[in-house]
Every structure is written in C-alpha cells, then in structure tokens.
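Just so you know, these numbers come straight off a predicted model, no measurement behind them. Hydrogens, waters and symmetry mates play no part in the numbers below; they use all other heavy atoms, side chains included. Each residue takes its place number in the sequence, starting with 1.
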Amino acid sequence: MTLSRRAVLGAGLALSACDHRELSLTAPSHLPPLKDVAQFPVGTCVRSDFLADPAYAALVEAQVSQVTPEWEMKMEYIVGDDGAFRFDAPDKIAAFAKAKGIRLFGHTLVWYIQKPKGFLNLDEAKTPFATAYRNYITTVVGRYRGQVVGWDVVNEAVADEGDGWRDSLWSQKLGKLEHMTLAFHHAREADPDAVLFLNDFYLELKPKKRAEFLRLAEALLKAGAPLTGLGTQTHCGPELPPGAIKAALADIASLGLPIHISEMDVSPARARGLFKSRAELEAGQARVYAEAAEAFSQLPARQRFAFTHWGLRDKDSWLKHEDPTDTPLMFDDQGRPKACAAAWERGLR
Ligand code: XIL
C-alpha cells in the first residue's frame, strides 16, 4: 500500500504535534520583563520614528537592556548620494538608549547588500576607495565610541548555501578576505573597547553554512583581524527541527568567543505551507523560542554577550512586509506578552 504524500506528512505532523502538548499555549496574563528573567542582556531592534510613540518607548524600556538600530545605523541611511553622512536618526536612538540606561549595539558597518551611490560614484582619483572605506568606518564607529558595546562589523559574508564567501562591492574593490580584515582593524582603531562581531543568518538551519562561517572566523583570526564576537541572527520558523539551535550554539561557541543571538524571530507565516494548523505553528514557535533561551542560558557566562529579539510587538516586525498576518515576536500588537514569551522565559530557568 502506498501512502499519499499528505498522509505521510499528516502522520509526521500528528507525531510532532504531540511533542508540543506539554507547552502551555495560552497567553500569560502577566509576565516578568524579559530582561529581569535573563542572566544576560536582552535586546530588541528599534527605529527612531517608533521611539516617538510613548507606548512603544515604554515597552522597550520595560523589557530590554540593549537596543540595535534596525536600519538607521546602516550605510543606506548614513551615506548620502553625494557621499555626505547624516546621523540624525541614529543619534536619536543613541540619545534614547543613553537616557534610559540601555546598551547600544551597532548594526552594521559592512554588508554585501549595501552599496550606496556615495561609494559607487566615488571619484577615486580624488579619494581612493580604501580611504573612503576607512573614513566611513572610523567616522561611524568613532561617533558612538564609549556608548556602543559592540558592532556587527561584517554582516552576512557567507554564501547562502555555505559555498564560500559572497561577492560584493567591498570584496571586488578591496579583496575577499582583505575587505573584512580591514573593516575589523578600522573599527578597532576607532573604538578600542567595543566587541567586534561577524554576524550571519541560518547558522541553525544550514550546518554547511555554519561550518563555512566558522572557517571564515578562523581565517579572520589567523589574518590578525580583531574579531572578538560571533553573531547568529536566528531568523527561523516553527518547523526548525528540535535540537538545531542547541547544536548551532555549541558549534559557534567552540571558538570561545562571546556570542550574540542578534536578530531572533520565529515566523509562523513562513511555515504556513507545511500543512500545520495555527495551534501547531504556535506550539512550534514556543518550542523554538524555549530551546533558544535554554541553549543560550547554558553557554558559559563570558560567552553570553546578548540575546536580541528582532522586534518586540508583532506589528513592528520587518516580516509584516512579507506577510501582514505574520506573528513572529514575543508581544502582540497591543504589547501584551504571548505564549511564546512565557515559553522563552521558561527556557531560561
Ligand atoms: C532588516 C530590517 O528589519 C528592515 O527594516 C530593513 O528594511 C531591511 O533589513 N538581517 C539583518 C538585518 O542583518 O539588518 C535585516 O534587517 C534583517 C536580516
């Protein structure tokens, strides 16, 4: 007798669903603030315009001890088409963090996706590319020296499937590894204290990509780059196999450097095509968050740099642009804690 694909999948789901029964799926009426339950800094990404909303600002202040500018500390915001820099928005975020006694994390200096016209239109006869590159990094890092606790110096350098390192404007102009070692040296020159990170995504989903990420980290260290932290973004889904995050963190921790879970969200919408009911998607989401909390908590204290959620309220998530019905974060649109937030906190204990 041949089983239909749906029957095979259905059987699999039935089994996987029973794994989640022990997870309470009711939203908690009250939950201690995320930062009060964790034995490490808890962060979120923020946008300067959102901070003008008192309810949003109050939620950030109550729940986290670190903030990452979601996009306003990237080249796409700072570098004008004429090469001039603007800092009004990141300065607002820095001022908010300072006023609230919240740590500030810098994101991100060099990213393959960003190639602003200010660099593309550079008159290299007047200003060599390497000079403009160094000037950008030392100016941005130097501006927030003494406040930023860490920087994503290089973001998403490993190819999607782990087959080597990405090509980019930066690699073409300055060399595949060289542009990265230079970025770390320039950042260290501008700030002697900030933790300097290599950051990437899908390290929990793709072991081959994770292996290449660690090879790149070792190559940077061998080349003398002041790489002093590893960031794993952890944008994932409820279908992520149990144990995947635990295995990834153990691997990444093997280099002995501080680790930043830098951008976590768990997207039910991205898993919707897997024949899962809403209840199963939410149970899977709670399980994944709980595993991440537990695995991160089990790292040595010196390696627990911070755990950053890529947003707090569902409605603020970048994933809403992909699917407006997505609910990937810890809090609902009204800022109330969800079942996955309770699961995350339980995972810390
Ligand atoms: C995203 C922001 O959330 C969006 O608002 C922006 O439009 C695009 O970038 N990995 C990263 C982050 O390192 O910088 C990305 O943030 C999400 C994926």
Side-chain angles (χ1 to χ4, degrees), residues 9 13 16-17 19-20 23-28 31 34 42-47 49-51 53 55-56 59-60 63-64 67-72 74 76 107-108 113 155-156 160 199-206 231-242 244-245 248 261-293 307-345 347:
L9 270 176
L13 292 181
S16 70
D19 295 342
H20 309 320
L23 283 170
S24 145
L25 284 186
T26 51
L31 202 68
L34 304 181
V42 179
T44 184
C45 63
V46 293
R47 294 173 32 173
D49 54 335
F50 284 8
L51 291 174
D53 165 5
Y56 175 78
L59 184 69
V60 171
Q63 295 294 335
V64 302
V67 290
T68 301
E70 183 170 4
W71 73 283
E72 292 158 307
K74 296 173 182 171
E76 66 179 314
H107 175 78
T108 178
I113 287 180
N155 193 34
E156 302 185 359
D160 279 341
N199 190 49
D200 220 319
F201 68 98
Y202 285 174
L203 304 183
E204 68 289 331
L205 185 66
K206 300 181 177 183
T232 177
Q233 293 180 13
T234 322
H235 294 292
C236 48
E239 77 291 353
L240 186 69
I245 292 181
I261 286 188
S262 53
E263 308 180 15
M264 188 164 188
D265 45 33
V266 183
S267 167
R270 284 184 169 180
R272 192 157 292 146
L274 301 177
F275 313 120
K276 292 193 182 230
S277 70
R278 179 141 202 88
E280 283 164 336
L281 287 168
E282 289 179 353
Q285 181 185 49
R287 175 186 59 77
V288 169
Y289 270 121
E291 179 179 327
F307 193 123
T308 294
H309 297 277
W310 207 239
L312 292 176
R313 300 176 307 187
D314 284 333
K315 70 178 182 179
D316 303 330
S317 172
W318 69 305
L319 294 172
K320 285 290 196 184
H321 299 298
E322 197 173 289
D323 183 328
T325 68
D326 207 354
T327 52
L329 298 174
M330 300 263 102
F331 297 86
D332 67 16
D333 290 356
Q334 288 69 45
R336 294 171 303 204
K338 294 159 52 183
C340 59
W344 187 81
E345 290 199 356

**Q** What distance separates Tyr289 OH from Asp265 CG, expressed to the nearest 0.5 Å?
**A** 5.5 Å

**Q** Is the shortest side-chain heavy-atom distance between Gln63 and Met330 below 4.5 Å?
**A** no

**Q** Nearest 0.5 Å, what's the CD-CG distance between Glu239 and Leu205?
**A**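 Reported value, rounded in 0.5 Å steps: 7.5 Å.
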
**Q** Closest approach of Ser262 and Gly231, non-hydrogen atoms and distance?
**A**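 That would be OG-C, 4.2 Å.
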
**Q** Write down the atom of Pro238, the atom of Arg287, and the distance for their closest heavy-atom approach.
**A**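 Closest pair (atom of Pro238, atom of Arg287, distance): O-NH2, 3.2 Å.
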
**Q** Can you give me the closest heavy-atom contact between Pro28 and Ala339, atom names plus distance?
**A** CD-N, 3.9 Å

**Q** Rounded to the nearest 0.5 Å, what separates atom OG in Ser317 from atom CZ in Phe331?
**A** 14.0 Å

**Q** Do Asp314 side-chain atoms and Leu329 backbone N/O form a donor-acceptor pair below 3.5 Å?
**A**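 The answer is yes, because a donor-acceptor pair under 3.5 Å joins these two groups.
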
**Q** When you compare the side chain of Thr308 with that of His107, does any pair of heavy atoms fall below 4.5 Å?
**A** no

**Q** First locate atom CG of Leu34, then atom CG of Leu312, and finally report the distance between them rounded to the nearest 0.5 Å.
**A** 7.0 Å

**Q** Would you give the length of the straight line joining atom CD1 of Ile261 to atom NE2 of His309, rounded to the nearest 0.5 angstrom?
**A**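 So the gap between those two atoms works out to 8.5 Å.
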
**Q** So which heavy atom on Arg270 is nearest to which on Leu319, and how close?
**A** NH2-CD2, 3.4 Å

**Q** Examine distances only and state if a side-chain atom of Thr234 and a backbone atom of Glu263 form a donor-acceptor pair shorter than 3.5 Å.
**A**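 Between the backbone of Glu263 and the side chain of Thr234 there is no qualifying donor-acceptor contact (under 3.5 Å).
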
**Q** Can you name the closest pair of heavy atoms from Glu204 and Thr232 and give their distance?
**A**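 Minimum heavy-atom contact is OE1-OG1, 3.9 Å.
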
**Q** Determine the minimum heavy-atom distance between Thr325 and Lys320, stating which atoms define it.
**A** C-NZ, 4.0 Å

**Q** If you round to the nearest 0.5 Å, how far is NZ of Lys315 from CZ of Phe50?
**A** 8.5 Å

**Q** With side chain to side chain contact (heavy atoms under 4.5 Å, CB included) as the criterion, how do Gln233 and Asn155 come out once you've worked through the C-alpha distance, each side chain's angles and the decisive distance to 0.1 Å?
**A** CA-CA 10 Å; Gln233 293 180 13; Asn155 193 34; 3.1 Å; yes

**Q** Ignoring hydrogens and angles, tell me if any N or O in the side chain of Lys338 forms a donor-acceptor pair with the backbone of Thr327 under 3.5 Å.
**A**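 Side chain of Lys338 to backbone of Thr327: a pair is present.
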
**Q** So, do Trp344 and Val266 sit near enough that their side-chain heavy atoms are less than 4.5 Å apart?
**A** no

**Q** Taking C-beta and beyond as the side chain, do Val64 and Phe307 meet within less than 4.5 Å on heavy atoms?
**A**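 Val64 does not reach Phe307 side chain to side chain.
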
**Q** Mind checking side chain to side chain contact (heavy atoms under 4.5 Å, CB included) for Pro69 and listing every partner two or more places apart, or none if nothing turns up?
**A**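 Pro69: side chain to side chain contact (heavy atoms under 4.5 Å, CB included) contacts with Met73, Ile93, Leu104.
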
**Q** So, do Val46 and Tyr56 sit near enough that their side-chain heavy atoms are less than 4.5 Å apart?
**A** yes

**Q** Report the residues that fulfil side chain to side chain contact (heavy atoms under 4.5 Å, CB included) with Glu70, sequence neighbours left out, ordered by chain and then residue number.
**A**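 Scan of Glu70 (side chain to side chain contact (heavy atoms under 4.5 Å, CB included), adjacent residues dropped) gives Cys45, Arg47, Trp310, Trp318.
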
**Q** Got a donor-acceptor contact below 3.5 angstrom from the Asp326 side chain to the Ala269 backbone?
**A** yes

